[in-house]
Amino acid sequence: NSLFLSAAAQNNHEHLKPLYTEIIRKILPLSPDDELLRRFFTITMVNQGRKEGISRLVQLADLGIVGLDVEEREVPVTPEIRSLALQMLRERGVPPDAPKHLPEEKVVVPRLTFTHASNHDPEGVNFDENDESRGTLAWVALVGPILKALEEGSVLVADEIDSSLH
């Protein structure tokens, strides 16, 4: 039991494989397990000059956020962080010899900062991503992939999209 198009692609059908490849290329799957990766993707889009589009989508959720920025911070690489990074790489199938290029002492980590509207301060109030709710961070993690799907005409497939959203 398999889908006709999948079976045709697996058997390298000369007419249907290009169709299968194009359909797969246009699907952007999301999982609750990749939220941190999606947030990093959103940060990357902000750093690549897409801040306005990202900000507008964040504001659409009506979370009181009127702006966002990316701030880079130096973080020490502790043995615990190094061990966790190595474990994550192994779980994703990275060859064991690849992690020797991990930073030894410090790493620069991009982090989001948010500006919230305020009745008392016309400039707004700044919040670090650690001060934001899980729901806000879950939405921000979706915004980058949503914008990419809209720009490219892709289909966004999200598993458990309601996970942690307000």
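Since this is a predicted model, take the numbers as computed values, not measurements. In what follows, every heavy atom counts, from backbone to side chain, and hydrogens, waters and symmetry copies are set aside.
Residues meeting the salt bridge (Lys or Arg N to Asp or Glu O under 4.0 Å) test with Arg39, sequence neighbours left out: Glu35, Glu129. Listed by chain and number, the residues in a salt bridge (Lys or Arg N to Asp or Glu O under 4.0 Å) with Glu151 are Arg50 (sequence neighbours excluded). With sequence neighbours left out, Glu105 forms a side chain to side chain donor-acceptor pair (under 3.5 Å) with no residue at all. Contacts of Lys106 classified as salt bridge (Lys or Arg N to Asp or Glu O under 4.0 Å), with partners at least two apart in sequence or in another chain: Glu74. Residues meeting the salt bridge (Lys or Arg N to Asp or Glu O under 4.0 Å) test with Asp121, sequence neighbours left out: none.
At most 12 heavy atoms of other shown residues, nucleotides or ligands fall within 6.0 angstrom of atom CG in Leu36. In this structure, Phe41 places its CZ atom where more than 12 heavy-atom neighbours from other residues, nucleotides or ligands lie under 6.0 Å away.
What you find for Ala138 and Arg38 is that their closest heavy atoms are O-NH1, 4.4 Å. Between Leu112 and Val70, the shortest heavy-atom distance links the atoms CD2-CG2, 4.0 Å. When all heavy atoms of Ser118 and Gly124 are compared, the pair lying nearest together is CB-CA, 4.3 Å. Taking each heavy atom of Gly67 and Ile65 in turn, the nearest pair found is O-CG2, 3.3 Å.
Listed by first then second residue, pairs satisfying ring pair (Phe, Tyr, Trp, His ring centres under 6.0 Å) with a partner in residues 10-35 read His13-His15, not counting sequence neighbours.
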